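First the proteins, then the strands, lettered A, B, ... as listed; each starts at 1. Please read these numbers as outputs of a predicted model, since none were measured by experiment. The figures here come from the full heavy-atom set of this structure, side chains too, leaving out hydrogens, waters and symmetry mates.
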Protein chains: 2
Amino acid sequence: MTANPYRDSSGKTLTDYERPSVAVDTAVLTLDDERGLVVLEVRRPDDGQWSLPGTFLHAGERLADAVARSLKDKANVDGLHPRQLHVFDDPKRDSRGWVLSVAHVDIVRSERLGSRFDGTTRLMPAGARHRLPHDHRKIIKQAVDYLRARYEGRPDPDHLLGDEFTILQLRQAHEHVAGRPLQRDWFRRTMEPQLIPTGAMSSGTRGRPAELFRRRPPG
Amino acid sequence: MTANPYRDSSGKTLTDYERPSVAVDTAVLTLDDERGLVVLEVRRPDDGQWSLPGTFLHAGERLADAVARSLKDKANVDGLHPRQLHVFDDPKRDSRGWVLSVAHVDIVRSERLGSRFDGTTRLMPAGARHRLPHDHRKIIKQAVDYLRARYEGRPDPDHLLGDEFTILQLRQAHEHVAGRPLQRDWFRRTMEPQLIPTGAMSSGTRGRPAELFRRRPPG
DNA sequence: GTAATAGTGTCTATCAGACATTATAAC
DNA sequence: GTTATAATGTCTGATAGACACTATTAC
């Protein structure tokens, strides 16, 4: 028996199967000085419901490209590098039909969201218990869990800070991600081996100026 | 404006979009006394190629159900509880067309694979570098990484052993998953608080009989 | 008896956590 | 000078890792 690339092993062609629509939904997080971790939400034009930005996958499109497109179209945000979290596959989860949704996460400097639309986007605390459609609350929880694990022990892997920063700035970013205060001495001692001092000093601060560091390239 | 549940925000209906086929592929792992972690492979009837068992998602089907169906049909194995790993989404990854594949992992006692088909299934070491289609090597690597993280510090969470076992049996199972020897004293001391002694003893062994334990219910 | 494995005791090096001290800026 | 923050030093309690010793079986 020769292989027919357009048939699977049961002999059916691909189009013999009904196929699901595939969507992407993305939790875009950033830090807010007062509120800590906040998540980007967009208002749907049809029913006014706030939700995570998402879209249907277009023909032949990569998931990451669909995420980028949805963020550009619905929030006017670009340049992100989303990572997959989970596929939500309950056939009844979307009233519009059979829709699989691949949840994604990314976190960016808040300035990267400066271009976002005014009236149709907002930033809400990641822990807020307000109304969201479908599985979006679960997505946010998974996104936060993912980031907390990712940030443990590594100096700001997603560049929430610029290339140079003081250890205080680094610790405050990590505390916002972790959602709890971190021990000052221990934080410095675990991070410093992974940093390179620049020699330059911070200025305009209250007490003794702090040294500026940059991330040590892994390896 | 009222919401139309059968249109998305751009006004297209769901059927206006081309949809991908969605497949599942599963790395089913078990322990082999000699070879350590081994993975279940099936031979495709059309071209004789060995690969991870997989199938296309049927209309309205859950991913976990498709995994269960593929394992029953292609390997005569059932009763598994697969977990998602990753979606492979390269539009050109499958020569038969546009196919997204959701990779899954599970690990079971080897007796659970006792019913598997003779000529069309085999167990191969998870680290073997033999030829596999598509992204199946990546799936196995992710599966092993997932299980190693899952087994760290917890006594056999996926019940590779029965309800009762000695600490030696437990350590050997963990060593096979970890792919390296584990320290005897430390292993006992971290595991024992998570175990309940049954009072019964192992018998028929070489040296002093070992006490049998069962897992302590979490909490 | 010997060999083999189970289980326990103890020492050490490491490290998270806490606290104290010194250094250097703004005011 | 005082106040605030940075940076460093030191102590302590917990624990991974190593080793030794005792206990109990098969042979």
Rounded to whole Å, how long is the line connecting atom CG of A:Leu195 with atom P of D:dA6? 15 Å

Minimum-distance nucleotide to A:Leu168 side chain [options: C:dT8, D:dT5, D:dG17]: D:dT5

Using atom CD of A:Glu192 as one end and atom C1' of D:dA7 as the other, report the distance to the nearest whole Å. 8 Å

With a non-hydrogen cut-off below 4.0 angstrom, is A:Arg171 in contact with a base, only sugar-phosphate, or nothing? nothing

B:Arg208, nearest nucleotide to its side chain (from D:dT8, D:dT3, D:dA23): D:dA23

Do B:Leu195 and B:Ile167 touch side chain to side chain, with heavy atoms closer than 4.5 Å? yes

Nearest whole angstrom, please: distance from the C1' of D:dC19 to the CH2 of B:Trp186. 18 Å

With the side chain of B:Asp185 defined as its heavy atoms from C-beta on, choose the nearest nucleotide among D:dA6, C:dG17, C:dT8. C:dT8

Rounded to whole Å, CG of A:Leu212 lies from P of C:dA25 at a distance of 14 Å

Taking only the side-chain heavy atoms of A:Arg206 (C-beta and beyond), determine which of C:dC27, D:dC27, C:dG17 contains the nearest atom. C:dC27

Quick check: does any side chain N or O of B:Arg215 sit under 3.5 Å from a backbone N or O of B:Gln194, one acting as donor and the other as acceptor? no

So with a 6.0 Å cut-off around NZ of A:Lys141, is the heavy-atom count from everything else above 12? no

What integer distance in Å separates B:Leu182:CG from D:dG17:C1'? 13 Å

Rounded to whole angstrom units, what separation is found between the CZ atom of B:Phe187 and the C1' atom of D:dA16? 15 Å

Which residue lies more 5' along DNA chain D, comparing A:Arg189 with A:Phe213 via nearest heavy atoms: A:Phe213

Return whichever of A:Gly207 or A:Arg184 has its heavy-atom-nearest nucleotide of DNA chain C closer to the 5' end. A:Arg184

Please examine the side chains of A:Leu37 and A:His176, heavy atoms only from C-beta on, and report whether any two atoms are closer than 4.5 Å. no

Measure from CD on A:Glu211 to P on D:dA6 and round the result to the nearest Å. 12 Å

Interatomic spacing from CZ in A:Arg83 to OH in A:Tyr146 - rounded to 0.5 Å: 4.0 Å

Rounded to the nearest Å, what distance is computed from the CD atom of residue A:Gln183 to the P atom of nucleotide C:dG17? 6 Å

